[in-house]
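Inspection log for the structure reproduced underneath, given as structure tokens.
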Amino acid sequence: MSTNAKPYKETLNLPATEFAMKANLPAREPKIQAEWREQDLYGQLRRARKGAPVRVLHDGPPYANGDIHMGTALNKMLKDFVVRSLSMRGFDSPYVPGWDTHGLPIEHKVMKDLGPRAAGLSRAEIRELCRVEAMKWVDVQRDQFRRLGVMGDWDDPYLTLDHRYEAGITDVLADLLEGGYVFRQLKPIHWCTSDQTALAEAELEYRDETSTSVHVLFPMIAGVPDSWLRIDESMPEDWRAMIWTTTPWTLPANAAVAVHPDLEYVGVRYDDPETGATVRAILGAELVKKVMDLRGIADYAEVGRCKGRALEHAQYRHPFVDRVSPIVLANYVSVEDGTGLVHTAPGHGGEDYLTGRAYQLPVLSPVDPAGKFTAEAPDWLVGLHVLAANPRVVDRLREIGALYLSAPLTHSYPHCWRCKKPVIFRATEQWFVGVDRNDLRGRTLAEIRDAVTWYPAWGRSRIEAMVTLRPDWCVSRQRSWGVPIPALGCVACDAQLLTAETARHFRDLFRKEGADAWFARPVEEILPPDAKCPNCGGTEFRKEGDILDVWFESGSSHRAVLAEGGGFGLGFPAHMYLEGSDQHRGWFQSSILTAVGTTGRAPFESILTHGFVVDDKGQKMSKSLGNVVSAVKATEQHGADVLRLMIAGMDYADDVRVSERSIKEASESYRKIRNTFRYLLGNLEDYRRFDPSTIDRDTLLDIDLWALGQLNQTIREALEAYERYEFYWVVKKLNVFMSITLSSFYLDVLKDRLYAEEPTGDERRAAQFVLFKLHEALTRLLAPILPHTAEESWGYLPHGQGFPASVHLATFPDPDPRWDDPERDARWAVLKEARDAILKALEGLRRDKTIGSAQEAAVEVVAAPADASILQADRDLLAMICLVSQVTIKEGGPVAEGAERFQATAAKSTFAKCERCWNHRVDVGRIENHPTLCGRCVRVIEAAAAKGPA
RNA sequence: CCUCUCGUAGCUCAGCGGUCAGAGCGCUCGCCUUAUAAGCGAGUGGUCGCGGGUUCGAAUCCCGCCGGGAGGACCA
């Protein structure tokens with residue numbers, strides 16, 4: 001043992017850096033974010049990219065209600081990856097986040113909190129409470145998104161309650177009116193007859209209720225299959241279509257009977273056990289016995305059969321109203337209950353309504369807001385509440401012999417959330433955007449097909465199918481918290497005044513005073529000039545009460561946020577919309593329909609959709625399953641960069657599995673990345689004052705050139721993946737490069753040079769040059785995904801070489817063709833294979849306890865002649881990359897089939913160990929003054945001594 | 001029930017007609033103590049959801065089923 005072991009060790013250049021091994025992201029990230037805000041990094045980036053090609057990712061507004069969850073976090077992180085990577089690709093890519101602030105959930109919450117006090121407040125007052133509620137959550141969510149590291153214009157987001165935005169919405173409405181898309185029509189909606197108000201689906205409570213169900217016979221007048229008539233010697237009028245309903249009161253509004261086109265129907269003849277009369281009924285084939293059994297009829301005869309399709313357009317007479325109606329086809333008809341023939345009242349049912357539209361049936365709804373029959377109903381029902389009318393209808397049916405059976409039935413039925421009374425379906429006048437007017441549908445489909453890129457590609461077929469089938473868009477809602485449809489009702493004749501001109505008048509008003517003006521100010525003050533009833537010329541109006549569907553609001557963002565003059569002017573169309581796959585039906589559709597209707601173009605050039613967050617078993621997250629992972633908590637515990645790394649590593653096109661475990665795994669992966677950066681920085685500490693441009697290509701060793709070539713390849717792959725928005729591919733490639741190529745190979749091999757060579761000698765400087773390149777490139781490539789860590793690491797980079805202060809102002813690295821050399825790479829592939837064989841051989845020695853570290857070993861490799869000559873030339877190189885003391889090559893015969901390409905045998909080196917660099921070298925002990933050192937170390941130490949103490 | 005979609009090692013992903021199905025992480029064992037609550041090495045691990053079919057040959061193409069997810073429809 002040498003007495004001066006310590007001094008030798010102190011002559012090594014060991015890594016040193018302040019870049020901490022322990023990230024402590026929960027504490028570190030907020031500090032970095034505070035600096036970004038202080039320096040207005042977002043503003044700096046805007047200025048830096050001014051004049052560059054613009055690419056805007058337009059934010060879809062999340063609903064301002066509640067804390068963000070993993071799904072919203074996923075969405076915002078993906079957007080941030082896109083926006084940041086676009087910026088680093090050199091685009092000017094502003095990001096203006098937005099919030100959806102209107103709508104039922106907020107109104108619902110406010111009304112719930114108010115309770116009975118709500119009745120004493122005006123709509124304007126309730127709206128103010130809604131505004132406060134919405135803004136509360138905007139602030140909460142803004143902080144949470146910022147904490148995730150999402151970069152954008154958080155100080156001036158767009159809000160759907162903003163005056164500018166409300167004007168934008170109304171502007172879109174005006175253009176659609178001008179284009180002739182908007183019309184008014186009856187449509188059934190859920191209606192509470194007690195509160196006399198429309199109800200949304202979310203305001204319904206389903207509870208069991210006992211109703212009177214009836215089987216009713218409708219007399220046919222035409223369309224009964226000829227064969228049945230022949231066989232049974234009957235007339236069409238002898239036949240009856242039998243229907244079943246649990247709401248007898250809707251029978252006055254019956255406008256059709258629906259059958260399934262592919263179901264089998266039969267004509268049945270039986271004698272009524274009470275009257276003895278012979279009845280001929282049409283029934284679903286599978287239900288005949290069930291229906292006959294209801295009244296214990298065993299003696300019945302099947303006269304004939306046909307498919308439902310054959311009954312289409314047959315006609316029947318309403319049993320107690322003077323009306324002839326058709327039999328129609330509908331796919332929703334089933335044989336689970338009833339008769340297989342469905343009573344259809346377009347004014348009293350959602351599906352009935354759609355069927356009615358398809359067959360041009362009248363929408364009948366002879367019921368007033370209080371639920372009482374109007375004069376349109378038969379006189380024996382007028383004035384009666386519909387639910388009280390049920391027995392009367394049943395009695396009537398019995399009297400006229402149209403009743404087969406009446407029986408009580410308990411089923412789930414919707415009730416009003418507030419008064420708990422059963423609700424009804426009632427047709428009311430609603431505003432629509434007609435998708436078939438001016439071929440809006442066709443033009444939209446053409447844009448979907450030709451003008452938009454879909455990520456993933458199947459998004460196109462999905463939305464195509466939806467747009468092809470969608471009905472007209474009902475855009476009116478009977479609520480308070482939203483943008484009013486500025487329709488004026490003529491006091492004299494009830495006609496509606498809503499034109500492009502009047503809408504633009506209100507657009508200007510809303511821009512100035514906000515939509516609140518509609519609710520707060522008397523009608524006279526806000527009337528458009530020369531307002532005149534289109535029907536009677538009257539000039540007295542009342543404000544109508546409907547507001548716009550919130551999807552219309554968010555769907556108007558292309559006007560309010562993208563178009564010039566809307567307040568943000570980000571540019572129309574946007575480069576990309578990025579949302580969950582549920583938005584094929586939601587925002588993507590409302591956006592493209594309003595944009596095509598008003599401008600003829602899609603508002604987006606591309607759509608990127610992602611799946612939903614599910615747990616580690618693939619089940620969706622829900623409170624009841626207890627598998628919810630909180631995005632806010634996860635950030636507080638593990639840090640945003642860990643969460644971001646986890647998300648980036650997953651293929652978002654499919655569902656994304658998130659659990660405590662997946663976050664933990666991401667932390668492990670993060671640590672590897674962080675430690676690699678730490679190593680790079682630790683060995684660059686003394687590199688600050690050095691000018692890398694002085695490095696001559698010739699000073700770089702072969703392995704350095706190879707490493708830079710590998711970096712080139714990684715850069716290329718990462719950039720291509722960023723261009724395809726496949727972030728998991730970026731993560732994967734960088735992971736492999738950092739842990740395999742660098743950490744376990746190149747950086748490991750480099751240690752001897754970095755630690756033991758002369759601090760400023762060519763060998764070490766060459767290595768540092770590569771480390772510098774690696775650090776600079778990797779920091780940038782990871783910046784969109786790990787913005788905090790990249791920034792932190794970037795801050796340790798030696799400055800003064802034309803780099804921006806923040807990595808986020810930089811652009812991605814370019815591959816440098818100087819480092820490309822396929823022949824060299826092929827040679828290295830052979831060396832690496834030989835290395836694998838050697839390392840395996842070393843493992844045997846370790847098991848024997850012959851050696852510990854690789855440096856103690858000497859290796860002999862046997863290879864086929866062709867390989868042997870390659871290896872012979874690179875013998876010392878091979879020793880270096882295996883960290884062994886010596887390699888000898890022996891030429892063997894051709895390699896046997898299935899055998900290893902290289903046969904490596906290892907033994908303990910006969911050389912002595914150098915005390916300083918730990919290599920076993922032949923020249924250790926040959927130099928007088930330093931009997932425990934190798935020649936290289938002696939050279940280094942003497943050079944240092946010659947220079948004198950530092 | 002309909003439309004779309006996914007199902008390859010414990011996890012995240014490659015492979016998409018042709019050698020014993022791969023990578024990273026994890027896990028196990030070992031080495032080092034000069035990246036040190038680090039680093040290195042060697043191992044482990046999959047009947048490619050299941051069942052048919054096409055083919056000389058299928059994880060890869062076709063059909064059916066099962067399971068997960070999204071959207072919709074239904075509850076008259």
Side-chain angles (χ1 to χ4, degrees), chain A residues 9 12-17 21-22 206 213 243-247 250 258 330-334 336-339 341-345 348-352 354 411-414 456 458-459 461-466 469-470 580-586 609 611-614 616-620 646 648-651 653-657 659 661-662 664-666 668-669 671-672 675-676 678-683 728-729 731-740 743-745 747-748 751-752 754-756 836 839-840 842-847 849 851-855 883 898 916-918:
Chain A
K9 174 166 177 174
L12 292 170
N13 322 296
L14 294 181
T17 176
M21 178 181 291
K22 189 164 168 22
Y206 285 83
S213 74
I243 61 94
W244 178 72
T245 177
T246 58
T247 51
T250 63
N331 286 320
Y332 55 82
V333 175
S334 80
E336 273 171 42
D337 299 295
T339 62
L341 293 87
V342 176
H343 154 57
T344 299
H348 292 305
E351 193 61 41
D352 296 21
L354 293 177
H411 60 157
S412 174
Y413 192 87
W458 51 257
S461 46
R462 178 165 183 171
I463 194 169
E464 249 182 310
M466 287 174 171
L469 291 172
R470 71 157 297 148
S581 61
D582 54 337
Q583 298 304 329
H584 287 109
R585 180 161 296 274
T609 48
F612 281 70
V613 175
V614 295
D616 49 356
K617 294 187 199 70
Q619 304 285 331
K620 70 171 153 191
M646 173 186 72
M650 295 171 170
D651 183 359
D654 199 1
D655 290 328
V656 167
R657 295 183 181 212
S659 63
R661 191 163 105 209
S662 62
K664 245 187 97 187
E665 278 165 4
E668 294 292 319
S669 171
R671 273 168 50 199
K672 185 79 189 182
N675 271 320
T676 302
R678 184 174 140 87
Y679 177 90
L680 296 176
L681 290 169
N683 287 294
Y728 65 91
W729 200 243
V731 170
K732 192 187 168 93
K733 286 295 169 187
L734 290 178
N735 253 331
V736 172
F737 182 66
M738 291 180 90
S739 27
I740 303 304
S743 185
S744 74
F745 182 65
L747 300 185
D748 207 34
K751 282 173 188 170
D752 182 70
L754 287 166
Y755 299 171
D836 286 341
L839 294 180
K840 248 171 231 159
L842 293 181
E843 204 56 25
L845 286 195
R846 285 206 182 96
R847 229 182 318 273
K849 303 284 179 199
I851 60 160
S853 79
Q855 288 159 310
L883 310 176
R916 181 168 175 272
C917 69
W918 296 353

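So that the names make sense, note that chain A is the first sequence line, chain B the second, and so on, each numbered from 1. We use all heavy atoms of the structure for the numbers below, so side chains are in, but hydrogens, waters and symmetry mates are not.
Partners of A:R678 according to the side chain to side chain donor-acceptor pair (under 3.5 Å) rule, which considers only residues two or more places apart in sequence or in another chain, do not exist here. Residues passing the side chain to side chain donor-acceptor pair (under 3.5 Å) test with A:T250 are A:T247, A:H343, sequence neighbours excluded. By the side-chain contact (heavy atoms from CB on, under 4.5 Å) test, A:D655 is found to be paired with A:F612, A:V614, residues two or more places apart in sequence or in another chain being considered. Shown here are the side chain to side chain donor-acceptor pair (under 3.5 Å) partners of A:S743, two or more places apart in sequence or in another chain: A:K672. Residues passing the side-chain contact (heavy atoms from CB on, under 4.5 Å) test with A:A666 are A:V642, A:M646, sequence neighbours excluded. Legend: residues meeting side chain to side chain donor-acceptor pair (under 3.5 Å) with A:D752, ordered by chain and number and at least two apart, are A:N919, A:R936. With sequence neighbours excluded, the residues forming a ring pair (Phe, Tyr, Trp, His ring centres under 6.0 Å) with A:Y413 are A:H411, listed by chain and number.
Contact annotation for A:S669: no contact, since no heavy-atom pair falls under 4.0 Å across all strands. Contact annotation for A:E668: backbone-only contact, meaning every heavy-atom pair under 4.0 Å involves sugar-phosphate atoms and none involves a base. Counting any heavy atom pair closer than 4.0 Å across all strands shown, A:M466 reaches sugar-phosphate atoms only and no base atom. A:G349 comes within contact range of no nucleotide atom at all, as no heavy-atom separation falls under 4.0 Å. Backbone-only contact: A:K849 has heavy atoms under 4.0 Å from sugar-phosphate atoms and none from a base. Residue-level contact check: A:I740 touches the backbone only, with heavy atoms under 4.0 Å from sugar-phosphate atoms and none from bases. Note on A:K732: a base of the nucleic acid sits closer than 4.0 angstrom, heavy atoms only.
B:G72 atom P lies 10 Å from atom CD of A:Q583, rounded to whole Å.
A distance of about 33 Å separates the C1' atoms of B:U3 and B:G46, rounded to the whole Å. Taking atom C1' on both B:U47 and B:A21, the two are 13 Å apart, rounded to the nearest angstrom. Nucleotides B:G24 and B:G43 place their P atoms 13 Å apart, quoted to the nearest Å. Taking atom C1' on both nucleotides, B:C56 is separated from B:U19 by 16 Å, rounded to a whole Å. Separation of the P atoms belonging to B:G22 and B:A9 is 14 Å when rounded to the nearest angstrom. B:C48 and B:U8: their P atoms are spaced 11 Å apart (whole Å). Comparing the C1' positions of B:C40 and B:C20 gives an interatomic distance of 28 Å, to the nearest angstrom. Between the C1' atoms of B:G15 and B:G7, the separation comes to 16 Å (whole Å).
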For this session: Could you encode protein contacts along nucleotides 32-37 of chain B as a string, one character per nucleotide from 5' to 3', using B for base contact, S for sugar-phosphate-only contact and - for no contact, with a heavy-atom cut-off of under 4.0 Å?
Result: SSBBSS
Identify each atom pair where a protein N or O and an N or O of nucleotides 5-10 of chain B are less than 3.5 Å apart, giving names and distance.
| unit_1 | atom_1 | unit_2 | atom_2 | d |
| --- | --- | --- | --- | --- |
| B:C6 | O2' | A:D654 | OD2 | 2.7 |
| B:G10 | O2' | A:R661 | NH2 | 2.3 |

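The base of B:A70 sits with one of its N or O atoms less than 3.5 Å from a complementary donor or acceptor on the side chain of A:R462.
Between A:E843 and the options A:R847, A:K840, A:R846, a salt bridge (charged side-chain N to carboxylate O under 4.0 Å, His left out) holds for only A:R846.
Here A:K733 does not reach the OP1 or OP2 of B:A14: none of its side-chain N or O atoms lies under 4.0 Å away.
Minimum atom distance to the side chain of A:D655 is reached by B:G69, of the listed B:C13, B:G69, B:G41. Listed nucleotides: B:U12, B:G41, B:G71. Nearest to the side chain of A:L839: B:G41.
Between A:S659 and A:K664 there is no side-chain heavy-atom pair separated by less than 4.5 Å.
Under the 3.5 Å distance criterion, the side-chain polar atoms of A:Y679 are matched with a main-chain donor or acceptor of A:L747.
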